[in-house]
Amino acid sequence: MGESTIRGKVAVAGIGETTYWKHGRSPHAEFRLALMAILAAAEDAGIDPTEIDGFASYSNDRNDPSRIAAALGCQDLAFSNMQWGGGGGGGSAAIANAAAAIACGYARCVVVFRALAQGQFQRFGQAAAGGSAGGHDAFTVPYGVMSPAQKYAMRYQRFAHEHGVRRSALRAISMASYHHAQQNPRAVMYGRPLTEEDYDASRWITEPFRLFDCCQENDGAAAILLVAAERARDLPHRPCYLLGAAAGSEHRNGAPVHNAPLYGTSSFTTVAPRAFAMAQITAADVDVVQSYENFTGGVLMSLVEHGFFPAEEANDFLTLDNLRADGGRLPLNTSGGNLAECYMHGLELNIEAVRQIRSQSPNQVEGAEISVVGSGPMVTPVSSSVFGAEAVL
């Protein structure tokens with residue numbers, strides 16, 4: 001791809017998180033949470049927070065970069081950016097935007113952040129109050145289809161029907177997240193293991209999704225600090241580089257009223273190949289995967305669309321043993337993911353991807369040098385990012 005790539009041009013300087021709380025339980029305001037995570041990332045990087053000159057976020061984060069810059073005492077605000085699209089589809093895209101700003105010289109030290117304190121605001125994804133529905137909602141709300149779980153269940157059902165995917169495959173994804181969370185003290189579900197019997201007995205949310213197929217709702221904040229690759233060796237941690245990142249969705253993915261030509265998709269069919277081409281890798285090169293779980297069905301579809309296995313092999317491939325960090329064929333969501341660590345709109349997955357390259361994960365994959373993140377399956381736009389160690393540059 002010549003010079004039109006960010007491959008190896010940007011390094012992760014620091015990562016930061018607050019404590020993660022259950023929905024509405026944060027003792028801090030959302031703005032303060034954002035500052036806490038950013039300061040933690042700067043401390044992790046050994047960088048003075050006043051050096052930060054750029055901010056990137058997504059999912060309509062409410063924390064304005066000008067206000068953050070003033071609170072941090074930043075010397076110069078050179079770049080501020082918001083990735084369009086709701087939910088977690090913009091997590092890796094915000095990282096791509098920040099990296100592009102650094103690679104093109106718009107900024108030198110950019111932080112990607114996401115903060116949530118839902119006790120201050122309406123729950124994210126909650127159906128809007130009101131006595132009428134217009135536009136897209138006019139075609140679904142009268143029939144009771146209002147929540148993301150209901151909308152995405154239909155898309156996954158089409159995919160599962162066409163490829164003969166059994167419920168055991170979804171269960172394995174959930175089990176892997178909960179298994180890894182038991183070794184991660186940061187995880188909200190730490191100390192709360194999940195058994196197959198518990199999964200099978202859990203209540204329906206909307207078929208085929210049971211309770212443990214659905215992400216949590218949490219308060220907290222996360223941040224990732226990026227700098228030019230030339231600074232990587234001066235940083236306190238093992239260098240971690242951004243190899244590739246891409247965002248978007250396939251042809252007419254956002255067609256209204258469930259009318260997309262390719263319906264049973266997680267939206268990655270064109271995005272994942274672009275991310276991998278930029279990173280100059282194939283699925284076979286990947287050591288560990290973090291896949292955003294809004295619902296386990298989206299994870300399954302996104303793994304297929306990233307090329308990790310054909311849809312027809314999902315039932316055999318997706319077992320807990322294959323998804324474990326300790327020797328699995330494809331270690332998945334090694335911090336616990338949205339299901340069991342926390343739901344910070346997926347940015348915590350990018351942080352875990354960095355930890356794997358740094359060899360700092362609570363469920364470390366031995367010899368991990370390439371780590372992939374799939375952000376926000378079944379939303380539009382989605383995004384993917386690829387992180388790598390110095391040896392793969």
**Q.** Pair Gln150-Ser147, side-chain contact (heavy atoms from CB on, under 4.5 Å): steps then yes or no
**A.** CA-CA 5 Å; Gln150 293 169 316; Ser147 72; 3.3 Å; yes

Q.
Please check this pair: side chain of Asn253 against backbone of Ala260, looking for a donor-acceptor N/O pair closer than 3.5 Å.
A. no

(Q) Is it the case that atom CD in Glu43 sees more than 12 heavy atoms from other parts of the structure closer than 6.0 Å? (A) no

Q) Got Leu226 and Val111 here, is their nearest side-chain heavy-atom distance under 4.5 Å? A) no

Q: Verify the neighbour count for atom CZ of Arg25: are there more than 12 heavy atoms of other residues, nucleotides or ligands below 6.0 Å?
A: no

**Q.** Heavy-atom pair with the smallest gap, counting every atom of His28 and Ala117
**A.** O-CB, 4.1 Å

(Q) Donor-acceptor pair, distance only, cut-off 3.5 Å: does the side chain of Ser249 make one with the backbone of Thr380? (A) no

Q) Same hydrophobic cluster for Val379 and Val304, using side-chain heavy-atom links shorter than 4.5 Å among ILVMFWY? A) yes

(Q) Using side-chain heavy atoms (C-beta onward) and a distance below 4.5 Å, is Gln364 in contact with Gln183? (A) no

Q. Do side-chain atoms of Thr265 reach the backbone of Ser267 as a donor and acceptor pair under 3.5 angstrom?
A. yes

Q) Side chains of Phe31 and Asp64: does their closest heavy-atom pair fall under 4.5 Å? A) no

(Q) Could you tell me if Glu293 and Asn333 have a donor-acceptor pair between their side chains, going purely by distance under 3.5 Å? (A) yes

Q. Between Arg210 and Asp198, is there a side-chain N and carboxylate O pair less than 4.0 Å apart?
A. no

Q | Reported OG-to-CD1 distance for the pair Ser361 and Ile351, which is rounded to 0.5 angstrom | A | 12.5 Å

(Q) Please say yes or no: joined through hydrophobic side-chain contacts below 4.5 Å, possibly via intermediate residues, are Ile370 and Met278 part of one cluster? (A) no

Q) What are the two closest heavy atoms between Glu369 and Val392, and how far apart are they? A) OE1-CG1, 3.8 Å

Q. Would you call Tyr20 and Glu348 a side-chain contact if the rule is heavy atoms closer than 4.5 Å?
A. yes

Q: Identify the two heavy atoms, one from His306 and one from Val372, that lie closest to each other, and give their separation to 0.1 Å.
A: CD2-CG1, 4.3 Å

Q) Judged by atom type as modelled, is there a donor-acceptor pair below 3.5 Å linking the side chain of Thr18 to the main-chain atoms of Ala221? A) yes

**Q.** Note, Ile224 side chain near Phe113 side chain (heavy atom, < 4.5 Å)
**A.** no

Q. Should Glu17 and Arg355 count as an ion pair when the cut-off is N to O under 4.0 Å?
A. yes

Q: Look up atom CG in Leu242 and atom CD1 in Ile6, then write down how far apart they are to the nearest 0.5 Å.
A: 4.0 Å

Q. Heavy atoms, side chains only, cut-off 4.5 Å: are Met301 and Pro377 in contact?
A. no

Q.
Is it the case that the side chain of Lys9 and the backbone of Thr5 share a donor-acceptor pair, with hydrogens and angles ignored and the cut-off at 3.5 Å?
A. yes

Q | Trace of the side-chain contact (heavy atoms from CB on, under 4.5 Å) decision for His251 with Leu262 | A | CA-CA 8 Å; His251 172 62; Leu262 185 56; over 6 Å; no

Q: For the pair Glu51 and Arg231, find out whether any cationic side-chain nitrogen is under 4.0 Å from an anionic carboxylate oxygen.
A: yes

Q. More than 12 non-hydrogen atoms from neighbouring residues, nucleotides or ligands closer than 6.0 Å to OH on Tyr263, yes or no?
A. yes

Q) Got a second to check how far Leu347's CG is from Ile95's CD1, nearest 0.5 Å? A) 6.0 Å

Q: Please examine the side chains of Cys74 and Phe55, heavy atoms only from C-beta on, and report whether any two atoms are closer than 4.5 Å.
A: yes

Q: Kindly give the heavy-atom pair with the smallest separation between Gly191 and Gln182, and that separation in Å.
A: N-OE1, 2.9 Å

**Q.** Spatial distance of atom SG (Cys109) from atom CG (Leu225) [nearest 0.5 Å]
**A.** 4.0 Å

Q. Where is the tightest heavy-atom contact between Ala353 and Val373, given as atom of each residue plus distance?
A. CB-CG2, 3.5 Å

Q: Walk me through it: do His180 and Glu341 pass the test side-chain contact (heavy atoms from CB on, under 4.5 Å)?
A: CA-CA 9 Å; His180 290 134; Glu341 182 184 30; over 6 Å; no

Q. Under 3.5 Å, side chain of Asn63 to main-chain N/O of Leu33, donor-acceptor pair present?
A. no

Q) Where do Ser57 and Ala94 come nearest, in terms of heavy atoms and distance? A) O-CB, 3.8 Å

Q) Looking at CZ of Phe268 and CG of Leu303, how far apart are the two atoms once the value is rounded to the nearest 0.5 Å? A) 9.5 Å

Q. Would Glu305 and Ser266 count as having a side-chain donor-acceptor pair, cut-off 3.5 Å?
A. yes

Q) In terms of hydrophobic clusters joined by side-chain contacts under 4.5 Å, are Met82 and Ile38 together? A) no

Q.
Angle between ring planes, His136 versus His258, binned at 30° and 60°: parallel, tilted or perpendicular?
A. tilted

Q) Does any N or O in the side chain of Gln83 come within less than 3.5 Å of the main-chain N or O of Asn60, such that one atom is a donor and the other an acceptor? A) no

**Q.** SB check Glu390 Arg238 (cutoff 4.0 Å)
**A.** no

Q | Ala153 backbone acceptor or donor facing Arg158 side chain under 3.5 Å | A | no

Q: Provide the full list of ring pair (Phe, Tyr, Trp, His ring centres under 6.0 Å) pairs with a residue in residues 181-223, sequence neighbours left out, each pair given once.
A: Tyr178-Phe212, Phe209-Phe295

Q) Side chains of Thr269 and Glu250: is there a donor and an acceptor less than 3.5 Å apart? A) yes

Q.
With rounding to the nearest 0.5 angstrom, report the CE to CG distance, Met344 to Asp219.
A. 7.0 Å

Q) Do Gln360 and His237 have side-chain N/O donor and acceptor atoms under 3.5 Å apart? A) yes

Q.
Could you go through Val110 and Phe79, starting from their C-alpha distance and side-chain angles, then the distance that decides it, and tell me whether this counts as side-chain contact (heavy atoms from CB on, under 4.5 Å)?
A. CA-CA 8 Å; Val110 182; Phe79 176 79; 4.2 Å; yes

Q) Any luck finding a side-chain donor-acceptor pair between Asn350 and Gln290 under 3.5 Å? A) no

Q) Is a side-chain donor or acceptor of Ser375 paired with a backbone partner of Ser384 at a separation under 3.5 angstrom? A) no

Q | Whether His179 side chain and Ala325 backbone form a donor-acceptor pair below 3.5 Å | A | no

(Q) Taking CZ in Phe309 as the centre, count heavy atoms belonging to other residues, nucleotides or ligands within less than 6.0 Å. Is the count above 12? (A) yes

(Q) Grouping I, L, V, M, F, W and Y whenever their side-chain heavy atoms are under 4.5 Å apart, do Val289 and Leu320 come out in a common cluster? (A) yes

Q.
Regarding Asn363 and Thr334, do their side chains bring together a donor and an acceptor under 3.5 Å, going by distance alone?
A. no

Q) If Ile, Leu, Val, Met, Phe, Trp and Tyr residues are connected whenever their side-chain heavy atoms lie under 4.5 Å apart, and connections chain through other members, are Met154 and Ile205 in the same group? A) no

Q.
Over 60° means perpendicular and under 30° means parallel, so tell me whether His345 and Tyr343 are parallel, tilted or perpendicular.
A. perpendicular

Q) Should Val286 and Val386 count as side-chain neighbours, where that means a heavy-atom distance under 4.5 Å? A) no

